[in-house]
Amino acid sequence: MILTIPRRCLVVLVGPTGSGKSTFARRHFRPTEIVSSDECRAIVSDDPNNQLATADAFDLLHLIVDRRLARGRLTVVDATNVRASTRSALVRLARIHHVEPIALVFDLPESLLLDRAQARTDRRIEADVVHRHRSQLSRSIADLPREGFDRIVTFSSAHDIESVAINRVPLPSDRRGDRGPFDLIGDVHGCADELEQLLDRLGYEAASQSSEPAWPGPVYAHPEGRVAAFVGDLVDRGPRILDTVRIVRNMVAHGSGLCVVGNHDDKLLRKLRGRNVRVAHGLEQTLAEIELLPWGIRETTVDALTDFFGTMSHHYVLDRGRLVVAHAGLPKPMHGRDAPGVRGFALYGETTGEVDQYGLPVRLKWARDYHGRALVVYGHTPVPEPEWIRASVNIDTGCVFGGHLTALRYPELEAIAVPAAREYCQSRRPFRASRPPIDPPALPADQADSPP
């Protein structure tokens, strides 16, 4: 059995005493990754079997788990965890730090547990303790799926436990090994003419033509190996929506592009999957383009769009952690994490829950409180020119509203922009288009040069 887990997660071992949790942990994880209740008892009382020290031991255990998860370290909790109350505290810590909580349940027969208890020489374990743990697990195991664990893996025999191999994989957002250089491009919203002009100015060339029926068109690449990274919102509002998606998708497939999903892209995905979404804010234009496709090609295109947007990450961590790309921005504790809260922030940002006089959500300026070292590049909210706040920059300069389509070259931090040919869509909130500055402010050296 191959058990695949993220490199950043919380693994909670659940099982009665004698079920093999500690042996399993030592076999598959580094000593520093394991937080043991017995070792915490020893730390606070000099005796790993001192049950009177349990409360203090678990205070220490939760503190260690909290600090490890805050640093993004894989953490394994080695304790019985047979009661829902003890597990809930651990799930809560995982949610606070936006990591996946995984339960590994050691559901072995009581007869085997009793045999192991009698054979132990390091300490005496009474049969009633084994029976109590086994009963507590039996009563609570049915509730595990409702406790908030993202995954539950149950071992029902010693053979199951011994045959497991652990495979650690990075999260889709973790591309720290991609060093660039990058050309970060703001919200396109179907402005394919301006996108083609911008790619030309950046030095990209139509290196070939795609041979895939669902994705006809050129494949752009940079002769010097630069990679275009799009901040999302490829669709809606503009005049050439499907052409925009084809350009970006072909670059991603070729390796000359990256793209994170935007809230408009996500809404289209939900619509194509049959979800009940409100057709507004430009979605009607995207759907109209799809409806104009010939019969047969339309179905192929819908499937291709669903695959493309459905596999897209909500953010990327690049260049050894020095660069983060997310559609609406991302605070430091969420970098490289994968949880519903992280996805929601990356797509929509942070709002007050109120709407302004134009009927639009009142958004909080998350970047004002950002103190991370990574440069966060985002879009989502159109601004007249690239807006630099601390080590973050909004590069959505409102091309579809008659502004500009802007790229930020990284690591040069040079802004390149092309003006919109016209105002394709009128913004509900007044938008003042202006020429973005060519030279945005440089990052402080300690932020530009240091990984998070």
Colleague: Check whether Thr397 reaches the backbone of His404 with its side chain - one donor and one acceptor, N or O, closer than 3.5 Å.
Modeller: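 Checking the backbone N and O of His404 against the side chain of Thr397, a donor-acceptor pair under 3.5 Å is found.
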Colleague: Kindly list each side-chain donor-acceptor pair under 3.5 angstrom involving residues 216-227, sequence neighbours excluded, with atom names and distances?
Modeller:
{"from": "His222", "atom 1": "ND1", "to": "Glu224", "atom 2": "N", "distance (Å)": "3.0"}
{"from": "His222", "atom 1": "NE2", "to": "Leu202", "atom 2": "O", "distance (Å)": "2.9"}
{"from": "Arg226", "atom 1": "NE", "to": "Asp183", "atom 2": "OD1", "distance (Å)": "3.1"}
{"from": "Arg226", "atom 1": "NE", "to": "Asp183", "atom 2": "OD2", "distance (Å)": "3.1"}
{"from": "Arg226", "atom 1": "NH1", "to": "Glu412", "atom 2": "OE2", "distance (Å)": "2.8"}
{"from": "Arg226", "atom 1": "NH2", "to": "Phe182", "atom 2": "O", "distance (Å)": "3.0"}
{"from": "Arg226", "atom 1": "NH2", "to": "Asp183", "atom 2": "OD1", "distance (Å)": "3.0"}
{"from": "Arg226", "atom 1": "NH2", "to": "Glu412", "atom 2": "OE1", "distance (Å)": "3.2"}

Colleague: Is there a side-chain contact (heavy atoms from CB on, under 4.5 Å) between Val188 and Val248 once you walk through the steps?
Modeller: CA-CA 10 Å; Val188 184; Val248 176; 5.6 Å; no
Colleague: Between Phe230 and Thr244, does a side-chain contact (heavy atoms from CB on, under 4.5 Å) hold up when you go through it step by step?
Modeller: CA-CA 11 Å; Phe230 296 84; Thr244 296; over 6 Å; no
Colleague: State whether the side chain of Asp200 and the backbone N or O of Glu196 hold a donor-acceptor pair below 3.5 Å, judged by distance alone.
Modeller: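 Such a contact is absent between Asp200 side chain and Glu196 backbone.
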Colleague: Using the side chain to side chain contact (heavy atoms under 4.5 Å, CB included) definition, which of the options Thr300, Ile290, Thr286 pairs with Leu305?
Modeller: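 It is Ile290; the other options fail the test.
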Colleague: Is it the case that the side chain of Asp396 and the backbone of Gly398 share a donor-acceptor pair, with hydrogens and angles ignored and the cut-off at 3.5 Å?
Modeller: yes
Colleague: Which value, rounded to the nearest 0.5 Å, describes the distance between Ile161 atom CD1 and Thr23 atom OG1?
Modeller: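 Spacing of CD1 (Ile161) from OG1 (Thr23) equals 9.5 Å.
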Colleague: Are any side-chain N or O atoms of Arg176 and backbone N or O atoms of Val317, one a donor and one an acceptor, separated by less than 3.5 Å?
Modeller: no
Colleague: Under a 4.5 Å cut-off applied to non-hydrogen side-chain atoms, are Phe58 and Ser37 in contact?
Modeller: yes
Colleague: For a quick test of reading the model, state the closest non-hydrogen atom pair linking Tyr378 to Ala367 and the distance between them.
Modeller: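 Residues Tyr378 and Ala367, closest heavy atoms: OH-CB, 4.2 Å.
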Colleague: Nearest 0.5 angstrom please: Cys191 SG to Phe401 CZ, how far?
Modeller: 9.5 Å
Colleague: Show the nearest heavy-atom pair for residues Phe308 and Leu234, with the distance to one decimal.
Modeller: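 Looks like CE2-CD1, 4.2 Å.
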Colleague: Is a side-chain donor-acceptor pair under 3.5 Å present for Glu194 with Tyr424?
Modeller: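 Yes, because at least one side-chain N or O of Tyr424 sits under 3.5 Å from a partner of the opposite role on Glu194.
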Colleague: Considering all heavy atoms of both residues, which atom of Gly372 and which atom of Lys332 are nearest to each other, and what is their separation?
Modeller: CA-CD, 3.7 Å
Colleague: Less than 3.5 Å apart, any donor N or O on the side chain of Tyr316 or Asp178 sitting next to an acceptor on the other?
Modeller: no
Colleague: At what distance, to the nearest 0.5 angstrom, does OG1 of Thr75 lie from CZ of Arg67?
Modeller: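 Answer for the OG1-CZ pair, Thr75 versus Arg67, is 11.0 Å.
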Colleague: Do Pro101 and Val12 come close enough that some side-chain heavy atom pair is under 4.5 Å?
Modeller: no
Colleague: I'd like to know if the side chain of His97 pairs up with that of Asp66 as donor and acceptor (distance under 3.5 Å, no hydrogens or angles considered).
Modeller: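 Side-chain D/A pair, His97 to Asp66: present.
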Colleague: Determine whether Leu287 and Leu268 make a side-chain contact, defined as any pair of heavy atoms from C-beta on separated by less than 4.5 Å.
Modeller: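 Yes - at least one pair of side-chain heavy atoms lies under 4.5 Å apart.
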Colleague: Would you check, one step at a time, whether the test side-chain contact (heavy atoms from CB on, under 4.5 Å) holds for Phe309 with Leu272?
Modeller: CA-CA 10 Å; Phe309 289 120; Leu272 296 180; 5.7 Å; no
Colleague: Is a side-chain N or O of Lys21 found less than 3.5 angstrom from the main chain of Phe106, in a donor-acceptor match?
Modeller: no
Colleague: Quick one, Asp233 and Asp265 - any side-chain contact, counting heavy atoms below 4.5 Å?
Modeller: yes
Colleague: Hey, is the main chain of Gly321 close enough, under 3.5 Å, to the side chain of Arg373 for a donor-acceptor pair?
Modeller: no
Colleague: Can you find a pair of side-chain heavy atoms, one from Cys259 and one from Met312, that are under 4.5 Å apart?
Modeller: yes
Colleague: Only one of Val325, Leu323, Val324 clears side chain to side chain contact (heavy atoms under 4.5 Å, CB included) with Leu375; which?
Modeller: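 The side chain to side chain contact (heavy atoms under 4.5 Å, CB included) with Leu375 is passed solely by Leu323 among Val325, Leu323, Val324.
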Colleague: Would you call Arg95 and Asp150 a salt bridge, taking side-chain N to carboxylate O under 4.0 Å as the test?
Modeller: yes
Colleague: Side chain of Glu100, backbone of Cys9: donor and acceptor closer than 3.5 Å?
Modeller: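 Judged by distance alone, no pair lies under 3.5 Å.
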Colleague: Quick one about Arg175 and Ser313 (side-chain donor to acceptor, distance below 3.5 Å, no hydrogens or angles considered), yes or no?
Modeller: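 The criterion, which ignores hydrogens and geometry beyond distance, is not satisfied for Arg175 and Ser313.
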Colleague: Is atom CZ of Arg298 surrounded by more than 12 heavy atoms (other residues, nucleotides or ligands) closer than 6.0 Å?
Modeller: yes
Colleague: Between Ile5 and Arg151, is there a side-chain heavy-atom distance shorter than 4.5 Å?
Modeller: yes
Colleague: Less than 4.5 Å apart, side chain to side chain, heavy atoms only: is that true for His335 and Leu330?
Modeller: yes
Colleague: Between Glu162 and His159 (side chain of the first, backbone of the second, donor and acceptor by atom type, cut-off under 3.5 Å), is there such a pair?
Modeller: no
Colleague: Quick check on side chain to side chain donor-acceptor pair (under 3.5 Å): which of Arg8, Arg343, His314 does Asp338 satisfy it with?
Modeller: His314
Colleague: Search all heavy atoms of Ser36 against all heavy atoms of Leu61 and return the closest pair with its distance.
Modeller: C-CD1, 4.1 Å
Colleague: Starting at OG of Ser140, measure out to CG of Asn81 and round the result to the nearest 0.5 Å.
Modeller: 10.0 Å
Colleague: Tell me the closest heavy-atom pair linking Ala326 and His315, and the distance in Å.
Modeller: CB-CB, 3.8 Å
Colleague: Ignoring hydrogens, what is the shortest heavy-atom contact between Asp78 and Ile34? Give both atom names and the distance.
Modeller: CB-CG2, 3.9 Å
Colleague: Kindly write out the residues that satisfy side chain to side chain contact (heavy atoms under 4.5 Å, CB included) with Arg270, not counting sequence neighbours, or none if the list is empty.
Modeller: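 Once residues adjacent in sequence are excluded, the partners of Arg270 under the side chain to side chain contact (heavy atoms under 4.5 Å, CB included) criterion are Asp266, Lys267, Arg275, Val277, Tyr348.
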Colleague: Given 3.5 Å as the limit, does a donor-acceptor pair link the side chain of Glu33 with the main chain of Pro31, or not?
Modeller: no
Colleague: Does the Arg320 side chain pair with the main chain of Arg179, one donor and one acceptor, at a distance under 3.5 Å?
Modeller: no
Colleague: Enter the distance from Leu137:CG to Ser19:OG here, rounded to the nearest 0.5 Å.
Modeller: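 Result: 8.5 Å between the selected atoms.
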Colleague: Heavy atoms, side chains only, cut-off 4.5 Å: are Leu104 and Val164 in contact?
Modeller: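 Answer no - side chains too far apart.
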Colleague: Quick one: do Ile166 and Phe24 satisfy side-chain contact (heavy atoms from CB on, under 4.5 Å)? Show the steps, please.
Modeller: CA-CA 11 Å; Ile166 302 289; Phe24 179 90; 4.2 Å; yes
Colleague: Measure the CG-CE distance between Leu199 and Met251 for me, rounded to the nearest 0.5 Å.
Modeller: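 With rounding to 0.5 Å, CG (Leu199) is 5.0 Å from CE (Met251).
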Colleague: In this structure, is the centre-to-centre distance between the rings of His281 and His264 below 6.0 Å?
Modeller: no
